[in-house]
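Just so it is clear, the model here is predicted, and its values are computed rather than measured.
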Amino acid sequence: MIVDFTFSNIGPFKEPATLTFEASADEHLASAYVREFEFSNGKSIRLLRMAMLYGANAAGKSTVLEALSLLDELVTSPEKDSEVEIDVNSFAFQVNASEQPSSLMVKFVRLGQIYRYQIEFTKNGILSETLEYQATPPNGTKFKPIYHRVRGDERDTFTVQFGDAHELNQAETDKLYAELLPNVTVLSILNRKMAIKDDYIKQAYAWFKKQLMSEITTQTNLMAWVTRQLDLNKLNKNTVIATLNQAGIPIKDIEVVTSELSVIQKDLIKNAPDGESKTRLNEIFSGRKSAQTVYQINGENYTLSLEHQESLGTTRYYGLAGVLSLLCQNQDDEQQVRKCKILPIDEIEHSLHPDLLEQFIVLFLNDSSDSQLIATSHYREFLQNELLFRNDVIWFVDKDETTLSSDLYCLVDVKADAGLRTTSSVYNFYKQGRLGAVPKLNN
């Protein structure tokens with residue numbers, strides 16, 4: 001699970017912003033939202049399972065998820081060409097914006113150990129990279145280095161220093177320096193290109209590879225992904241159907257079928273310039289899978305094309321039901337991290353009725369064990385349901401009108417300043433603009 005995530009000079013965020021999952025002492029809904037991790041020194045840490053981000057359009061809500069996704073990509077999907085720039089949008093309203101370094105840092109728990117991973121970079125390459133673990137978790141501030149990478153004066157020069165008990169032998173060192181590019185992380189090379197036996201390095205990489213999921217946006221084709229996973233038997237179809245049924249969608253079965261070629265696809269193949277092109281197009285178009293939903297009415301079965309005959313809301317919830325099924329499965333061979341995934345979703349309410357959204361959140365909290373959900377939303381009515389949210393899972397993103405720089409803050413940190421009392425309505429305070437993070441309209 002994530003302990004906290006800090007980033008700076010990315011999108012509208014110029015100064016460092018931190019999203020923390022450390023729970024407050026509040027016991028409201030703690031059984032659903034809070035997970036306690038105990039360490040070998042007898043101490044423990046309480047972590048939250050959700051963060052919901054609110055804010056005006058263009059304030060930077062999506063940037064929080066994009067920053068986390070960028071860090072994940074730099075670790076698990078490294079570039080092969082040293083000339084490819086790192087895809088980062090630094091804060092635009094500053095002198096020499098593209099030359100100013102950006103920073104990403106995440107602390108996370110895996111197998112009873114707290115790690116801290118941090119990189120500093122520009123679009124031209126990585127300036128520094130550090131992997132550490134906490135010596136006396138969770139309250140100690142001392143971290144022990146696993147490795148530290150620093151770039152030299154020239155773009156292609158760098159040094160990597162390893163901490164005690166983590167050193168590489170000469171052959172491994174030579175291999176690392178031969179493979180490492182200015183735009184590629186050490187953590188990626190050590191795990192993708194080298195057979196490193198260091199368990200700290202392996203487990204840190206496994207957290208990114210096995211636990212941190214790709215961001216889901218409004219453009220993500222979840223429907224196709226779920227259908228493909230069902231066809232490969234990587235998702236439990238009964239769980240997906242049960243989730244849809246719980247949301248009031250009375251599907252009796254889901255059938256995965258091979259789609260026929262469309263008229264356009266057939267014409268493209270027919271008009272291909274040569275046999276090789278025809279073969280290639282056939283490979284691309286053929287074998288595409290699609291899903292059909294099965295309904296039973298008066299004892300008769302009827303099938304609908306999920307893609308062409310179902311509503312956007314149904315297809316969206318079908319995708320989320322598949323994701324939820326994945327979160328509820330054992331995806332890691334190690335028992336200690338079973339059912340623990342980190343799921344970022346942008347505009348979680350997209351195409352969903354409010355009741356479906358709240359149903360998904362309830363199912364996530366009840367059925368997905370230790371997983372974490374990081375979501376952006378404009379669905380402020382969620383703030384009316386005190387039986388569904390805790391104050392420390394609500395975050396706001398607000399942009400300063402003068403500097404155009406954004407700030408990230410938690411509801412628990414502004415309650416007193418805003419005049420919120422125990423009996424106050426968070427929904428009303430936010431709707432009235434008293435918590436910030438709303439559009440600045442000119443009347």
Side-chain angles (χ1 to χ4, degrees), residues 1-10 16-22 37-47 67-68 70-76 78 86 101-121 125-152 158-169 172-173 176-177 180 182 184-194 196-212 334 336-337 340 342 372:
M1 297 180 76
I2 295 177
V3 177
D4 56 54
F5 174 55
T6 301
F7 54 97
S8 65
N9 194 34
I10 293 181
T18 298
L19 178 69
T20 180
F21 286 86
E22 291 197 57
F37 287 82
E38 296 183 354
F39 301 96
S40 57
N41 60 4
K43 296 181 180 179
S44 63
I45 187 171
R46 285 161 40 97
L47 297 179
L68 186 60
L70 175 59
L71 182 59
D72 182 41
E73 289 172 7
L74 289 170
V75 173
T76 62
I86 295 176
S102 300
S103 177
L104 299 168
M105 188 277 288
V106 64
K107 279 197 300 186
F108 57 90
V109 177
R110 181 170 170 89
L111 296 180
Q113 181 64 64
I114 294 180
Y115 294 86
R116 183 168 67 185
Y117 180 67
Q118 182 172 4
I119 60 173
E120 187 179 32
F121 57 98
I126 296 171
L127 303 175
S128 66
E129 177 186 357
T130 304
L131 177 63
E132 305 166 298
Y133 67 95
Q134 199 163 33
T136 55
N139 301 321
T141 58
K142 184 178 180 181
F143 280 78
K144 289 188 175 181
I146 298 173
Y147 69 78
H148 179 59
R149 172 242 195 110
V150 179
R151 198 165 91 182
F158 50 84
T159 58
V160 183
Q161 296 180 334
F162 287 82
D164 295 339
H166 302 284
E167 296 92 345
L168 304 184
N169 60 38
E172 291 170 335
T173 300
L176 173 62
Y177 278 80
L180 194 56
V184 173
T185 60
V186 172
L187 190 56
S188 173
I189 296 299
L190 292 176
N191 286 277
R192 292 170 59 91
K193 298 287 187 178
M194 302 170 64
I196 297 297
K197 297 181 180 179
D198 189 302
D199 194 55
Y200 285 88
I201 294 174
K202 289 168 61 178
Q203 295 304 333
Y205 181 79
W207 183 83
F208 285 96
K209 190 69 175 176
K210 296 183 178 183
Q211 293 183 243
L212 181 58
E334 296 160 290
Q336 297 95 322
V337 290
C340 183
I342 295 92
Q372 288 175 308

TODO: Applying side-chain contact (heavy atoms from CB on, under 4.5 Å), run through K210 and R110 and close with a yes or a no.
DONE: CA-CA 11 Å; K210 296 183 178 183; R110 181 170 170 89; 4.3 Å; yes
Open item on the list: Walk me through whether I45 and E22 qualify under side-chain contact (heavy atoms from CB on, under 4.5 Å).
Closed with: CA-CA 7 Å; I45 187 171; E22 291 197 57; 3.9 Å; yes
TODO: Any chance you could lay out the side-chain contact (heavy atoms from CB on, under 4.5 Å) test for L212 and W207, step after step, and finish with the verdict?
DONE: CA-CA 6 Å; L212 181 58; W207 183 83; 4.1 Å; yes
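The OG atom of S102 sits 12.0 Å away from the CD1 atom of I126 when rounded to the nearest 0.5 Å. Here the straight-line distance linking atom CD of Q372 with atom SG of C340 works out to 6.5 Å at 0.5 Å rounding. Between the CZ atom of F37 and the CD1 atom of I114 there is a distance of 9.5 Å, given to the nearest 0.5 Å. One finds the CG atom of L111 at 11.0 Å from the NZ atom of K202 (value rounded to the nearest 0.5 Å). Atom CG of residue N41 and atom CD of residue E38 lie 10.5 Å apart, to the nearest 0.5 angstrom.
Side-chain contact check for D198 versus L190: every heavy-atom pair is 4.5 Å or farther apart. Considering only heavy atoms from C-beta on, F208 comes within 4.5 Å of F108 through its side chain. Contact annotation: the side chain of Y117 approaches that of L187 to within less than 4.5 Å [non-hydrogen atoms, C-beta and beyond]. Using a 4.5 Å heavy-atom threshold, the side chains of Y147 and L168 count as separate. Looking only at side-chain heavy atoms (C-beta outward), Y177 and F158 come within less than 4.5 Å of each other. Here the side chains of V160 and L180 are in contact, with some heavy-atom distance below 4.5 Å. Residues I342 and M1 have side chains not in contact (no heavy-atom distance under 4.5 Å, counting atoms from C-beta outward). In this structure, the side chains of T20 and V3 stay at 4.5 Å or more apart for every pair of heavy atoms.
A cation-pi contact links R116 to F143, judged by a cut-off of 6.0 Å to the six-membered ring centre and 45° from its axis.
Checking side-chain atoms of Q113 against main-chain N and O of Q134 turns up a donor-acceptor pair under 3.5 Å. Using modelled atom types, no side-chain atom of E120 and backbone atom of L104 make a donor-acceptor pair closer than 3.5 Å. At distances below 3.5 Å, not a single donor-acceptor pair connects side-chain atoms of D4 with backbone N or O atoms of T18. In this structure, the side chain of N9 engages the main chain of P101 through a donor-acceptor pair within 3.5 Å. Proximity of a side-chain donor or acceptor of R149 to a complementary backbone N or O of T130 within less than 3.5 Å is not detected. Using modelled atom types, one side-chain atom of E129 and one backbone atom of V186 make a donor-acceptor pair closer than 3.5 Å.
Within 6.0 Å of the NZ atom in K144, the count of heavy atoms belonging to other residues, nucleotides or ligands does not exceed 12. Heavy atoms from other residues, nucleotides or ligands lying under 6.0 Å from CG of N169 number more than 12.
Between I201 and F162, the closest heavy-atom pair is CD1-CE2, 4.3 Å. Among all heavy-atom pairs drawn from L71 and F5, the shortest one is CD2-CE1, 4.3 Å. Looking at every heavy atom in both residues, S44 comes nearest to P138 through O-CG, 3.2 Å.
Using the six-membered ring where Trp is involved, Y115 and Y200 have ring planes that are perpendicular, over 60° apart on the 30 and 60° scheme.
Of the residues K197, M194, E167, the one that meets the side chain to side chain contact (heavy atoms under 4.5 Å, CB included) test with E172 is M194.
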